[in-house]
Amino acid sequence: MTETPTPDDLATALRLAADTLRGAPADADWSRPAGTLGWSCWETVEHLADDLLAYAAQLGPARPPRDRYVPFVSTREAPGAPNSFVRAERGAGTAGLVEVLEASGGLMVAIARTASPDARAYHPWGLADPTGFVAMSLVELLVHLHDVTQGLDLPWNPPADICHRTLTRLFPDIPTVDAAPWPTLLWATGRAPLPGHPQRTTWRWHADVPA
C-alpha cells in the first residue's frame, strides 16, 4: 500500500463527495448546522470549495509564495460565517453548490498533477509540497463532508486507504491506535473520541515536507 496521497485519491474522494451530496433528499434543509460547526451545511460546502480553490491557487504561480497566501479578497456574508472568496449562486440551488465544489476540487486535482514535486508553498501549518496540498485538500474534503452529512443525515464512509495515506502524510505525531483509518482521522481532527483516547479539543496537521 502506497503511503503517499495522490491526485487520483483526491479525484476519487471528490467524486464520492459529490455523489453523496447529490443523494440528499429534495426537501433537505441545507440551513441546518453542519455537525458541531457553527456554519450551515450550505456555508460549509462553500467553505470547502474555497479551501480547495485556495490550495490550488497557492501552487499556481511560477514562484509560489512561501510566507503568505496568494492575496485574493475574502469576505464574510454574516458575522460568524466563513471567510471566503468562493460563493455559490443561491438561485442555482444545491445542484449549483455541488457543481462549485466539483469545479474547485477539479482545479486542485489538475494543479497537483502538473506541479513540480520540488514546488513549495505557504500554509500556516508548514511549507508544503504538492503532495502536502493534496493531503490537506483530502482532510478538508473528508472531514467537512462528515460535518455536512451529519447535518443532512446522510451516510459518509470514505475509503480506508485514502484516509490512511492522508493520516500518514499530515499526522505523523498521532499515536498508533487500534482503529480503522477513518475513525482515526475523525479523532485526529477533533470530531470523535476513540477507545482509550479522549476526544481532542485542539489539533493540527503538519504540512512540512517530511525529512
Side-chain angles (χ1 to χ4, degrees), residues 2-14 17 34 37-39 43-77 80-88 100-147 162-174 185 188-191 200-211:
T2 179
E3 299 296 317
T4 304
T6 68
D8 286 347
D9 287 338
L10 182 56
T12 296
L14 185 65
L37 301 182
W39 303 333
E43 289 172 332
T44 303
V45 175
E46 283 187 328
H47 166 76
L48 174 53
D50 184 84
D51 280 338
L52 296 175
L53 190 57
Y55 289 163
Q58 283 302 99
L59 291 171
R63 290 184 291 275
R66 291 181 167 228
D67 59 354
R68 58 174 172 77
Y69 284 124
V70 173
F72 289 95
V73 175
S74 296
T75 59
R76 298 185 193 275
E77 288 193 316
N83 193 37
S84 180
F85 66 91
V86 172
R87 306 273 185 232
V100 167
L101 174 62
E102 287 184 301
S104 292
L107 288 169
M108 178 57 211
V109 170
I111 286 284
R113 284 175 172 158
T114 58
S116 167
D118 296 326
R120 301 290 184 271
Y122 170 81
H123 185 276
W125 287 348
L127 192 65
D129 60 355
T131 297
F133 276 96
V134 167
M136 290 188 282
S137 297
L138 281 165
V139 171
E140 300 284 2
L141 183 61
L142 300 175
V143 170
H144 281 317
L145 251 290
H146 167 78
D147 299 329
I162 293 177
C163 296
H164 170 75
R165 287 190 283 275
T166 302
L167 281 164
T168 299
R169 174 59 179 83
L170 292 183
F171 296 92
D173 60 325
I174 65 171
L185 182 58
T189 55
R191 260 65 180 184
R200 285 180 149 190
T201 56
T202 61
W203 62 274
R204 60 158 289 177
W205 62 60
H206 297 270
D208 292 294
V209 179

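Values below: all heavy atoms of this structure, side chains included; hydrogens, waters and symmetry mates excluded.
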Do [X] and [Y] have side chains that approach each other closer than 4.5 Å (heavy atoms only, starting at C-beta)?
{"X": "Asp147", "Y": "Arg191", "result": "yes"}
{"X": "Val109", "Y": "Leu52", "result": "no"}
{"X": "Phe85", "Y": "Asp50", "result": "yes"}
{"X": "His206", "Y": "Pro172", "result": "yes"}
{"X": "Arg200", "Y": "Ile174", "result": "yes"}
{"X": "Glu46", "Y": "Val100", "result": "no"}
{"X": "Thr131", "Y": "Pro5", "result": "yes"}
{"X": "Pro65", "Y": "Gln58", "result": "yes"}

Which heavy-atom pair separates [X] from [Y] by the least distance, and what is that distance?
{"X": "Gly190", "Y": "Trp203", "result": "N-CD1, 3.9 Å"}
{"X": "Val86", "Y": "Ser104", "result": "CG1-OG, 4.5 Å"}
{"X": "Ala188", "Y": "Leu167", "result": "CB-CD2, 4.2 Å"}
{"X": "Asn83", "Y": "Arg76", "result": "N-NH1, 3.4 Å"}
{"X": "Phe171", "Y": "Val139", "result": "CE1-CG2, 4.0 Å"}
{"X": "Pro130", "Y": "Ser116", "result": "CG-O, 3.3 Å"}

side-chain contact (heavy atoms from CB on, under 4.5 Å) filter on Thr168, not counting sequence neighbours, yields Glu3, His164

For Thr4 and Val134, run side-chain contact (heavy atoms from CB on, under 4.5 Å): C-alpha distance rounded to whole Å, both residues' side-chain angles, the deciding distance at 0.1 Å, then the answer.
-> CA-CA 10 Å; Thr4 304; Val134 167; over 6 Å; no

Gap between atom [atom2] of [Y] and atom [atom1] of [X] - 0.5 Å precision:
{"X": "His146", "Y": "Leu37", "atom1": "NE2", "atom2": "CG", "answer": "9.0 Å"}
{"X": "Leu138", "Y": "Leu185", "atom1": "CG", "atom2": "CG", "answer": "9.5 Å"}
{"X": "His144", "Y": "Thr189", "atom1": "NE2", "atom2": "OG1", "answer": "9.0 Å"}
{"X": "Leu10", "Y": "Phe133", "atom1": "CG", "atom2": "CZ", "answer": "13.0 Å"}
{"X": "Asp9", "Y": "Arg165", "atom1": "CG", "atom2": "CZ", "answer": "4.0 Å"}

Run the side-chain contact (heavy atoms from CB on, under 4.5 Å) check on Asp51 and Met108 step by step: do they pass? CA-CA 10 Å; Asp51 280 338; Met108 178 57 211; over 6 Å; no

Ignoring hydrogens and geometry, is there a side-chain-to-backbone donor-acceptor pair from [X] to [Y] under 3.5 Å?
{"X": "Asp208", "Y": "Leu127", "value": "yes"}
{"X": "Trp125", "Y": "Ala207", "value": "no"}
{"X": "Arg68", "Y": "Arg66", "value": "no"}

Between Arg204 and Asp173, is there a salt bridge with N-O shorter than 4.0 Å?
no

Worksheet item: Does any donor atom in the side chain of Arg87 or Thr75 lie under 3.5 Å from an acceptor atom in the other side chain?
Response: yes

What class does the angle between the rings of Trp39 and His47 fall in, given that below 30° is parallel, 30 to 60° is tilted and above 60° is perpendicular?
-> tilted

**Prompt:** Between His123 and Tyr69, how do the two ring planes meet: parallel, tilted or perpendicular, split at 30° and 60°?
**Reply:** perpendicular

